[in-house]
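Accompanying notes for the structure given below.
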Amino acid sequence: MSTAYLNQMGLACALGRSRAEVAASLFAAGAPGGLSPQALPGLAQPLMLGPVPGDLAVPPGTPLPLQGRNNALLELALADIEPAVREAIARHGPDRVAVVLGTSTSGVGESEAAHRHWLAHGRWPAGFHYAQQEMGTPAHYLAWRLGLRGPAQVISTACSSSAKALASAARLLAAGLADAVVAGGADSLCAFTVAGFSALGSVAPERCLPFSRHRCGINIGEGAALFLLSREPGPVRLSGWGESSDAHHMSAPEPGGRGAERAIREALGGAGLAPADIDYINLHGTATPQNDAMEAGVVARVFGAGTPCSSTKPLTGHTLGAAGAIEAALCWLTLADNPGRHLPPHWWDGAADPELAPVGLVAPGAQAVQPPRRVLSQSFAFGGSNAALVLEAA
């Protein structure tokens with residue numbers, strides 16, 4: 001059983017620019033927020049997307065290779081946890097604090113803008129550096145920003161990236177390679193990812209409808225979530241995780257969900273829990289026909305139809321490489337900052353698909369009879385990369 005504690009959490013996504021704003025929006029009983037019609041350069045028409053509201057910026061003096069929207073999102077998430085991180089650095093030393101992040105876009109948005117400038121003017125803009133688009137840049141940014149000299153790495157396995165980053169952070173602690181880890185993920189909106197999913201016919205024109213018979217695809221969002229992990233007891237424990245690979249297809253999940261189920265059962269086993277011990281499941285829930293069919297079957301097979309569950313992607317959009325960390329952060333709020341005992345709601349049209357195995361979708365405003373104690377967050381990515389996390393109120 002893991003002794004990795006999620007001592008602090010910082011979060012920014014379409015629901016808000018801070019942990020407090022996101023919590024207020026997540027558990028609100030009114031109409032769903034988060035997504036709105038947005039235009040992006042290079043796209044023919046506006047789409048329903050999940051941008052983080054307001055202006056974003058990295059601090060003045062940030063080196064050019066570290067400037068960009070992804071790192072500005074990390075800056076928002078860092079604001080909630082920086083005092084605790086500074087305390088950990090003072091206690092353990094900068095060599096003993098690591099950084100592990102997940103992303104899929106890194107600085108692709110900056111590369112897009114620079115390419116448009118090159119096409120128009122025949123030269124790269126002064127404010128562009130090729131290193132902005134490197135996958136490792138987010139980890140380099142946090143290491144520079146915090147003055148850290150421990151391991152700093154990025155995991156990029158599409159939509160399971162930052163869930164796997166949390167598992168990797170826990171392994172660093174267990175191996176004694178770090179005494180504290182800043183872990184999570186960030187991904188920023190850019191035309192490349194939206195156009196790519198559009199080419200696959202996987203983008204919904206309106207707010208997505210996970211597990212509905214009318215589901216027709218995803219909404220892309222952006223955001224960042226960061227945790228301070230350590231072996232020191234905190235409000236939430238990462239008590240188990242599981243990882244697997246379908247080895248089935250570049251983009252489609254294995255229809256029977258064998259790889260997904262393996263990751264879930266590995267996470268439960270690592271936590272020493274049975275399926276009946278889980279109080280809530282945050283579903284991957286992309287609202288694509290194949291993902292939802294696979295996931296409903298796996299959840300029904302492992303947990304039955306009685307375990308409350310929801311997809312939060314109609315509120316945040318699918319944040320790709322940041323999704324695992326952002327959804328773990330919503331689970332953290334459910335366990336540690338939730339006096340009303342609310343569960344993250346499942347916003348949809350209520351039109352159940354008779355071809356899907358039944359699962360216990362949470363109605364907006366629903367409350368748990370007892371405070372939630374143990375939750376599962378699952379992430380299933382392109383290439384069949386699966387990850388599942390068990391979080392417990394400590």
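This is a predicted model, so every value here is computed, not measured.
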Worksheet item: Does NE2 in His342 sit with more than 12 non-hydrogen atoms of other residues, nucleotides or ligands closer than 6.0 Å?
Response: yes

Interatomic distance, [X] atom [atom1] to [Y] atom [atom2] [nearest 0.5 angstrom]:
X	Y	atom1	atom2	answer
Leu376	Leu389	CG	CG	8.0 Å
Arg341	Phe27	CZ	CZ	12.5 Å
Ser162	Phe227	OG	CZ	8.5 Å
Gln290	Ser202	CD	OG	8.5 Å
Thr137	Leu74	OG1	CG	11.0 Å
Glu110	Thr105	CD	OG1	8.5 Å

Over all heavy atoms of both residues, which pair between [X] and [Y] is shortest? Give the atoms and the distance, please.
X	Y	answer
Ser104	Gly321	OG-N, 3.6 Å
Leu66	Val58	O-CG1, 4.4 Å
Pro32	Leu315	CB-CD2, 3.6 Å
Leu35	Thr316	CD2-C, 3.8 Å
Ala180	Leu173	N-CD2, 3.8 Å
Ala394	Gly234	CB-O, 2.8 Å

Item to complete: Under the salt bridge (charged side-chain N to carboxylate O under 4.0 Å, His left out) rule, collect the residues that match up with Glu327, sequence neighbours excluded.
Response: Lys313

Less than 4.5 Å apart, side chain to side chain, heavy atoms only: is that true for [X] and [Y]?
X	Y	answer
Trp348	Pro314	no
Arg145	His140	no
Cys331	Ser377	yes
Val100	Leu172	yes

Do NZ/NE/NH1/NH2 and the carboxylate oxygens of [X] and [Y] come within less than 4.0 Å?
X	Y	value
Arg213	Asp349	no
Lys164	Glu243	yes
Asp95	Arg149	yes
Asp246	Arg258	no
Arg91	Glu232	yes
Asp179	Arg96	yes

Practice prompt. Please report the C-alpha distance between Glu75 and Tyr141 in whole Å, then the side-chain angles of each, then the deciding distance to 0.1 Å, and finally whether the side-chain hydrogen bond (donor to acceptor under 3.5 Å, both in side chains) criterion is met.
Written response: CA-CA 10 Å; Glu75 191 65 30; Tyr141 173 75; 2.5 Å; yes

Any pair counted as ring-ring contact (aromatic ring centres under 6.0 Å, His included), so long as it reaches [range], sequence neighbours left out:
range	value
residues 162-204	Phe197-Phe382
residues 79-104	none
residues 297-318	His284-His318

Worksheet, complete the sentence: Note: with side-chain heavy atoms under 4.5 Å as the link, the other cluster members for Tyr5 come out as none

Response to the item:
Apart from Val369 itself, members of its ILVMFWY cluster (side-chain separation under 4.5 Å) are none

Do [X] and [Y] meet the criterion of a side-chain donor-acceptor pair at a distance under 3.5 Å?
X	Y	value
Asp187	Thr319	no
Gln133	Ser106	no
Tyr130	Ser111	no

Please say yes or no: joined through hydrophobic side-chain contacts below 4.5 Å, possibly via intermediate residues, are [X] and [Y] part of one cluster?
X	Y	result
Leu11	Leu56	no
Leu330	Leu391	yes
Ile326	Met48	no
Ile81	Leu76	no

Worksheet item: Short question: side chain of Arg237, backbone of Val390 - any donor-acceptor pair under 3.5 Å?
Response: no

Worksheet item: Does Arg17 reach the main-chain N or O of Pro53 with its side chain, forming a donor-acceptor pair under 3.5 Å?
Response: yes

Worksheet entry | Worked check of side-chain hydrogen bond (donor to acceptor under 3.5 Å, both in side chains) between Ser160 and Ser385 | CA-CA 6 Å; Ser160 63; Ser385 176; 2.8 Å; yes

Practice prompt. Apply side-chain hydrogen bond (donor to acceptor under 3.5 Å, both in side chains) to the pair Ser18 and Asp80, showing each step before the final yes or no.
Written response: CA-CA 7 Å; Ser18 68; Asp80 279 324; 5.2 Å; no

Partners of [X] by side chain to side chain contact (heavy atoms under 4.5 Å, CB included), sequence neighbours excluded?
X	result
Pro354	none
Ala113	Arg116
Pro151	Ala98

Fill in: Trace of the side chain to side chain contact (heavy atoms under 4.5 Å, CB included) decision for Ile278 with Ile281
CA-CA 7 Å; Ile278 297 297; Ile281 303 168; 4.0 Å; yes

Worksheet item: Should Val85 and Leu146 be marked as a side chain to side chain contact (heavy atoms under 4.5 Å, CB included) after you check the CA-CA gap, both sets of side-chain angles, and the distance that decides it?
Response: CA-CA 8 Å; Val85 174; Leu146 296 166; 3.9 Å; yes

Item to complete: Just say parallel, tilted or perpendicular for the rings of Trp124 and Phe128, cut-offs at 30° and 60°.
Response: tilted

Identify every side-chain donor-acceptor pair in residues 217-224 under 3.5 Å, counting partners at least two apart or on other chains, and give the distances.
from   : atom 1 : to     : atom 2 : distance (Å)
Asn219 : OD1    : Cys208 : N      : 2.7
Asn219 : ND2    : Glu206 : O      : 2.9
Glu222 : OE1    : Arg69  : NE     : 2.9
Glu222 : OE1    : Leu189 : N      : 2.9
Glu222 : OE2    : Val52  : N      : 2.9
Glu222 : OE2    : Arg69  : NE     : 3.3
Glu222 : OE2    : Arg69  : NH2    : 2.6

Practice prompt. Could you note down all residue pairs passing side-chain hydrogen bond (donor to acceptor under 3.5 Å, both in side chains) where residues 262-271 supplies at least one of them, sequence neighbours left out?
Written response: Glu261-Arg265

Item to complete: Please identify each residue that fulfils side-chain hydrogen bond (donor to acceptor under 3.5 Å, both in side chains) with Asn7, with sequence neighbours left out.
Response: Ser230

